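Keep in mind that this is a model prediction, so the values were computed, not measured.
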Amino acid sequence: MSNIFYNRIHCLFLLFVATAFILPACRKDTSGAPPAISSVRNYAASPNDTIYQSLEARGQWVVITGQNLQNALEIKFNGVPATFNTALFAPNSAVVQIPAILFSTIDTSKLYTIEYTTVAGTTTFAFKLGPGAPVIMAISNVFANPGDSVFLYGTDLVLVQSLSYAGTTIPSFVSDLYGTSLGFLMPAQTPTDQVLLTTKGGSVAFKIVATPTISGVSNENAPEGDSVYVYGTYLKSIQSFSFAGTAITSYVSSSDGSSVGFKMPSISASGPVSIITSFGTATTTFNVNDFTTGMLGNFEWGDKFGYAWWGGASLSVCDPGSTGGWMFYDAAFPCNSGMFLSLIRSPFASGAGSPNDDAVRLSEAQVIPTANLADPVSNWALKFEVCIPVDWQGASLNIKFSSSNNIARWEPWQISPGTTAPVKTKGWATVTIPFSAFRAPDPALGEGKGATIKNFTDLLGASGKTETAIYIKNYGTATTATGFKAAFDNVRVVRIK
């Protein structure tokens, strides 16, 4: 009896021992072996499903191939977790989209790695996934003084390994979050004329140039003695400067080269503005001091008079002794020419203002020459001189042609969405409205807020000949903070490109 009991106990013990060894083996088989990665392939179908040796991070879909990949818990590219759908996984492959990677914020010790974690473990695979080669597009200010802040603008300006400017090594620099700018302090410059930049993505050499550009003139038709400013870039180191063919010998450039100011001399002809610097030449495509080319209305007696004699504006003069009849005089408007139009209105209620009653109206004229109606709309602009002697805020100045419902809205008091400030001019100023600013009405956003016009015929009709209205309207929900008091002169259309 005791032998039987002993044998039963012995058998149970052996069974327990055997089970203890068998169960761990079963669990190991259930969880599988750790993952292993052998390659990364293009997700696109053959013949494009090539094996990648390196890749720029741009949201690419890839296939990770290897073993034991089906039970993924986490997949990281350069330490950044990717989202994935395990329905796209198989034991030997996993389809994954590379996550958005801000290289300015990653742990650089994990750069060029893929970490793949399953229930059975983690593997790390070396893979060169990084930013592209750096591209430098511009320098904020080549005329900056030593110690001033300067920025390079471009793409992939991150993970910087070395930077030199004009032959001087830059020891300290800061990339922005997205790698679109790289800031540093201007060194004491040497004659070398390149920026040399090396990042993890590659190297670039960028020639330091400062070819001048002209973007506008404060008053293209200013009287003698007025202060005038030419705006643009790199307007420094000037070797010669002419305005309408007349040499300008006394001028002052701004410290950043964005403008150059002078006093208007006596000018007898029209012509372009031309500035030659040590880096190059800038010349306007249009003429200044020009009262005939493209003129829709100069409001002087003659062929270019242009005033339609209705709309709400008054024919005005700068000489109080010339008033009478249709002539109007207001001392707030300085002299610009013999005659001009003025528009004076009280604050506008919500929705008030129209091209019939609150406008400078011009008679029918050829707005764009027939031969140029097929030109890109961005090549041309409508210009006029304006004088706004008192604060203006809250109502839009619209430009509309009678041939369509597309308008351009000029709102210089609009600083940013939701932020406004009153504006006025110091004497007369030139306003430039590119034809690319004319937009269709939008059902939700309102007039002049829809799609940009595609061609001139959509705006001006098949002939390009139409009437013009420059008018005030309040699109706000409350009465405007101010009224509107302005004078207008020399409404014209010119080629700007």
Side-chain angles (χ1 to χ4, degrees), residues 296-297 299 306-316 328 330 332-333 340-362 381-453 459 466-489 491:
L296 303 182
F299 314 126
Y307 181 34
W309 293 105
W310 68 286
S314 300
L315 188 60
S316 301
F328 173 78
D330 190 315
F333 300 127
F340 50 87
L341 291 184
S342 58
L343 185 63
I344 302 173
R345 290 291 184 270
S346 301
F348 286 79
S350 175
S354 82
N356 296 324
D357 302 314
D358 305 286
V360 170
R361 299 284 316 198
L362 290 98
L382 183 140
K383 296 188 176 189
F384 53 87
E385 270 72 64
V386 67
C387 175
I388 307 172
V390 296
D391 285 349
W392 163 41
Q393 182 178 3
S396 301
L397 187 68
N398 298 338
I399 298 92
K400 183 182 184 300
F401 299 102
S402 58
S403 48
S404 78
N405 289 323
N406 301 297
I407 66 169
R409 289 166 59 165
W410 187 49
E411 300 165 333
W413 42 262
Q414 186 81 52
I415 307 302
S416 62
T419 303
T420 65
V423 298
K424 60 183 178 181
T425 64
K426 186 177 181 180
W428 289 86
T430 297
V431 175
T432 299
I433 308 292
F435 276 92
S436 55
F438 283 85
R439 297 177 177 273
D442 183 275
L445 302 176
E447 291 182 315
K449 295 294 185 179
T452 301
I453 62 166
L459 179 68
T466 186
E467 297 176 354
T468 306
I470 303 174
Y471 69 99
I472 284 287
K473 184 170 182 177
N474 179 17
Y475 292 100
T477 57
T479 300
T480 57
T482 69
F484 182 76
K485 181 173 183 175
F488 298 83
D489 208 352
V491 182

Looking at every non-hydrogen atom in both residues, tell me the closest pair between [X] and [Y] and how far apart they are.
X: Pro434; Y: Ala381; value: CA-CB, 3.8 Å
X: Pro347; Y: Thr480; value: CA-OG1, 3.4 Å
X: Val423; Y: Ile388; value: O-CG2, 4.3 Å
X: Gly476; Y: Ser350; value: O-OG, 2.6 Å
X: Ala469; Y: Pro355; value: CB-CB, 4.1 Å
X: Phe328; Y: Ser342; value: CD2-OG, 3.5 Å

Can you tell me how far the [atom1] atom of [X] sits from the [atom2] atom of [Y], to the nearest 0.5 Å?
X: Ser314; Y: Tyr307; atom1: OG; atom2: OH; answer: 6.5 Å
X: Asn474; Y: Phe348; atom1: CG; atom2: CZ; answer: 8.0 Å
X: Ile344; Y: Ile472; atom1: CD1; atom2: CD1; answer: 12.5 Å
X: Lys485; Y: Phe333; atom1: NZ; atom2: CZ; answer: 5.5 Å
X: Leu296; Y: Phe384; atom1: CG; atom2: CZ; answer: 11.5 Å
X: Lys400; Y: Asn405; atom1: NZ; atom2: CG; answer: 5.0 Å

State, yes or no, whether a side-chain contact exists between [X] and [Y] at a heavy-atom distance under 4.5 Å.
X: Thr482; Y: Val390; value: no
X: Leu341; Y: Asp489; value: no
X: Val360; Y: Phe299; value: yes
X: Asn356; Y: Trp310; value: yes
X: Val431; Y: Ile433; value: yes
X: Phe484; Y: Leu343; value: yes

(request) Output every pair passing salt bridge (Lys or Arg N to Asp or Glu O under 4.0 Å) with a member in residues 427-453, not counting sequence neighbours, ordered by first then second residue. (result)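 Counting only pairs at least two positions apart or across chains, the salt bridge (Lys or Arg N to Asp or Glu O under 4.0 Å) contacts touching residues 427-453 are Glu447-Lys473.
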(message) Strictly by salt bridge (Lys or Arg N to Asp or Glu O under 4.0 Å), give each pair with a member in residues 349-361 just once, sequence neighbours left out.
(response) Arg345-Asp358, Arg361-Glu467
(message) Tell me whether the rings of Trp392 and Trp410 are parallel (<30°), tilted (30 to 60°) or perpendicular (>60°).
(response)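 Rings of Trp392 and Trp410: tilted, 30 to 60°.
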(request) With Thr420 as reference, evaluate Glu411, Gln393, Gln414 under the side-chain hydrogen bond (donor to acceptor under 3.5 Å, both in side chains) test and give the passing residue. (result) Gln393
Look only at the side chain of [X] and the backbone of [Y], and say whether a donor-acceptor pair between them is shorter than 3.5 Å.
X: Ser403; Y: Thr466; result: no
X: Thr468; Y: Phe401; result: no
X: Ser396; Y: Asn398; result: no

(request) Indicate, with yes or no, if the rings of Trp428 and Phe488 have centres closer together than 6.0 Å. (result) no
(message) Looking at Phe438, I'd like to know if the NZ or CZ of Arg409 sits under 6.0 Å from its six-membered ring centre while staying within 45 degrees of the ring's axis.
(response) no
